[in-house]
Amino acid sequence: MSLIYKSTRGGEGVCASMAILKGLADDGGLYVPERIPALDVPVEALAEMTYQEVAYEVMKLYLTDFTEEELKSCISKAYDSKFDAQEIAPMVYADGAYYLELFHGATIAFKDMALSILPHLMTTSAKKNHVDHEIVILTATSGDTGKAAMAGFADVEGTRIIVFYPKDGVSPVQEKQMVTQKGSNTFVVGIHGNFDDAQTGVKRMFNDKELAAGLDRHGFQFSSANSINIGRLVPQIVYYVYAYAMLVHNEEIKNGETVNVVVPTGNFGNILAAYYAKNMGLPIDRLICASNENKVLYDFFSTGSYDKNREFILTSSPSMDILISSNLERLIYKISGEDPQVNARLMQSLTSEGRYEITEAMKKELSDFYGNYASEAETAQMIHDLYTDTGYVIDPHTAVAAAVYKKYTAETNDTKKTIIASTASPFKFARSVMTAIDEAYGNMDDFELIDELSKLANVAVPAAVEEIRTAPVRHTTQCDVDEMENVVKQWLGIKD
């Protein structure tokens, strides 16, 4: 049965391939499926499948206008030798929880799980819809999406990609990964501002009809690689289904036994994917939303009020340094009874006043979620303690999740088996990780720390880090937030 995608703000419905191509709906809303499909393959069967086979069984339910051949081709091109683990997303048991390692792809962060397939979904969608314009991927990043998107789209015919990142808001390794990116169709810009500034600027360009008309005249059209694109969200559902199936396969749980899922959360896409998996019938109980000191989501789940009017804090987990969690709109739409008017009104309030408050009835629909946060000190302590107790090394984002999980179990005494989404390799944040383990490491330079981390964790330095050791810087452009549109036009050669 075909699945139509609606805008959270009430616009016209479109097929999956068109939703992927457009990225953002014409009315500024996000595309959501008209219904969340149920898993139609028994978990016992999924438990015997490879990651690629599970991906097909999940994604076919959402991308219903793709043929079997088209979808399997996209999957096989995405989940191949770019990943350094045969399982694609292996799990490690440590200190009472299962760490789902989502960082074995080309850029050693969980964004690879979706961004390795998005270019193939995008180009297939363009062919299906007879698009003859060049697709310009316009993306804001808090550190990981940018590199993962560029790695996926580099030199893909018929596409260009421009990434905006906060110049002083990412780790040294994250920045080096981006500014050394190869590909004649890639462009990286450091903005003088934070991630929310970059994301707001990108959304403004998407919603600018005059700019869209100018692009059209020159043979271009915008699309997005951010998690606002449904082509990002659907592949993320896969790894929660796969993780549960692997726990059944390994006889860690019985089929039907409920588990909890903990996700370090910034833009809300990763935990929303787990929510969709639960609504597909996967036996997930609590969805534990872990925030860093930018705890806008913790406050939302605690009070029902979303308020971005606060200090923006730079932390050791920069991919979560976000005050406007774009994907939360999809959840707000769902808990409003899928009422686009209610959702649009709340989103307008966020734009005009920087805040909104949901009703008591909507709050009751959030019972699946538990929110909490970890301070910088608690995050560092978690890295230190887990390494000291088990020898397992995690990055700061994963440490936020682990610290919040500790708070959750202390509050609830819930002993269910729990999956923690481990979203980045510790090598990507070597300084924060190593100084958390021992402050004496603070005197080393970044690559000395990486080599020391390799010895300490008994893990080889990932190729993604090794290749930037001596890579030349290719992108040096910087701009103010109000110059973003002009920078895009200049790069595309648009003068009108």
Side-chain angles (χ1 to χ4, degrees), residues 1-41 55-75 114 117-131 133 135 203 206-207 212 221-238 240-241 268-269 272-282 326-347 365:
M1 191 189 304
S2 65
L3 192 62
I4 296 299
Y5 285 81
K6 305 180 293 184
S7 167
T8 52
R9 303 187 192 180
E12 292 281 319
V14 297
C15 63
S17 60
M18 186 55 73
I20 290 169
L21 274 177
K22 290 167 78 72
L24 197 67
D26 291 338
D27 59 5
L30 307 189
Y31 284 116
V32 289
E34 60 184 345
R35 58 185 164 77
I36 296 178
L39 280 170
D40 62 357
V41 176
Y56 175 73
E57 296 300 337
V58 173
M59 292 176 68
K60 73 177 187 187
L61 302 173
Y62 286 92
L63 309 183
T64 53
D65 61 327
F66 283 66
T67 66
E68 179 177 350
E69 182 183 5
E70 286 169 340
L71 187 51
K72 284 185 173 176
S73 173
C74 290
I75 289 167
I117 193 168
L118 183 62
H120 305 295
L121 296 176
M122 189 86 72
T123 51
T124 302
S125 295
K127 285 176 191 164
K128 292 174 76 65
N129 290 279
H130 310 292
V131 171
H133 280 11
I135 298 167
K203 279 190 173 181
F206 268 112
N207 291 322
Q221 71 179 64
F222 279 148
S223 191
S224 171
N226 278 89
S227 55
I228 56 173
N229 193 314
I230 200 71
R232 274 276 306 272
L233 185 62
V234 169
Q236 290 180 278
I237 300 167
V238 173
Y240 293 110
V241 176
F268 207 74
L272 184 73
Y275 176 75
Y276 273 41
K278 174 173 175 143
N279 280 270
M280 292 179 76
L282 200 69
S326 289
N327 265 290
L328 188 63
E329 179 171 348
R330 286 185 165 112
L331 180 65
I332 296 298
Y333 174 76
K334 185 87 164 59
I335 65 173
S336 72
E338 302 195 346
D339 187 327
Q341 282 76 38
V342 169
N343 177 70
R345 190 167 63 248
L346 293 172
M347 294 307 116
E365 297 295 316

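The analysis underlying the following values was restricted to heavy atoms, covering all of them including side chains, and did not include hydrogens, waters or symmetry mates.
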### Task
Search all heavy atoms of Ala38 against all heavy atoms of Leu61 and return the closest pair with its distance.
O-CD1, 3.5 Å
### Task
Locate the shortest heavy-atom distance separating Pro235 from Met59; write the atom from each residue and the value.
CG-CE, 3.9 Å
### Query
Where do Ser223 and Asn229 land on the side-chain contact (heavy atoms from CB on, under 4.5 Å) test, with the steps shown first?
CA-CA 8 Å; Ser223 191; Asn229 193 314; 3.9 Å; yes
### Message
Would the distance check show the side chain of Arg9 and the main-chain N or O of Asn343 forming a donor-acceptor pair, the cut-off being under 3.5 Å?
### Response
no
### Considering all heavy atoms, the nearest Thr8-Gly29 contact
OG1-CA, 3.5 Å
### Message
Applying ring pair (Phe, Tyr, Trp, His ring centres under 6.0 Å), can you list everything that pairs with Tyr5, at least two apart in sequence or on another chain?
### Response
none
### Salt-bridge present (Asp339, Arg345; N to O < 4.0 Å)
no
### Message
I'd like to know if the side chain of Asn129 and the backbone of Val131 have a donor-acceptor N/O pair within less than 3.5 Å.
### Response
no
## Note on the structure
Closest non-hydrogen contact found for Val342 with Ser336 is CG1-CB, 3.9 Å
### Task
Output yes when Lys127 and Glu70 qualify as a salt bridge under the 4.0 Å nitrogen-oxygen rule, no when they do not.
no
### Message
For the CG atom of Asn207 and the CZ atom of Phe222, what is their distance to the nearest 0.5 Å?
### Response
11.0 Å
#### Entry: Point-to-point distance, once rounded to the nearest 0.5 Å, from NZ of Lys128 to CE of Met18
11.0 Å
### Query
Is it true that a side-chain atom of Arg35 and a backbone atom of Ile4 form a donor plus acceptor pair closer than 3.5 Å?
no
### Query
What pairs with Lys334 under side chain to side chain donor-acceptor pair (under 3.5 Å), at least two apart in sequence or on another chain?
none
### Task
Could you grab the distance from atom OG of Ser227 to atom CG of Leu118, nearest 0.5 Å is fine?
11.0 Å
### Query
Considering only heavy atoms from C-beta outward, does the side chain of Tyr62 approach that of Ile237 to under 4.5 Å?
yes
### Message
Are Leu63 and Ile20 packed together at the side-chain level, in the sense that at least one heavy-atom pair is separated by less than 4.5 angstrom?
### Response
yes
### Task
Check for a donor-acceptor pair, side chain of Thr123 on one end and backbone N or O of Pro119 on the other, with a separation under 3.5 Å.
yes
### Query
Side chains of Glu329 and Val32: does their closest heavy-atom pair fall under 4.5 Å?
no
### Query
Where is the tightest heavy-atom contact between Asp65 and Ser17, given as atom of each residue plus distance?
OD2-OG, 2.5 Å
### Query
Hey, what do you get for CG (Leu233) to OH (Tyr275), rounding to the nearest 0.5 Å?
12.5 Å
### Message
Please check: side-chain N/O of Asp27 versus main-chain N/O of Ser7, any donor-acceptor pairing under 3.5 Å?
### Response
no
### Task
Please examine the side chains of Tyr333 and Lys6, heavy atoms only from C-beta on, and report whether any two atoms are closer than 4.5 Å.
yes
### Message
Could you tell me if the side chain of Ile230 sits less than 4.5 Å from the side chain of Leu30, heavy atoms only?
### Response
no
### Message
So for atom CD, which belongs to Glu12, do other residues, nucleotides or ligands contribute more than 12 heavy atoms lying within a distance under 6.0 Å?
### Response
no
### Message
For Ser125 versus Leu121, what's the shortest heavy-atom pair and its separation?
### Response
OG-O, 2.7 Å
### Query
Is the side chain of Asn226 donor-acceptor paired with the backbone N or O of Ile228 at a distance under 3.5 Å, no angle test?
no
### Query
To the nearest 0.5 Å, what is the distance between CD1 (Ile75) and NE2 (His120)?
11.5 Å
#### Entry: Donor-acceptor contact present, side-chain Ser2 to main-chain Thr64, <3.5 Å
no
### Tyr276 vs Arg330, side-chain contact (heavy atoms from CB on, under 4.5 Å): CA-CA, chis, key distance, verdict
CA-CA 11 Å; Tyr276 273 41; Arg330 286 185 165 112; 4.2 Å; yes
### Message
With rounding to the nearest 0.5 angstrom, report the CZ to CG distance, Arg232 to Asn327.
### Response
8.5 Å
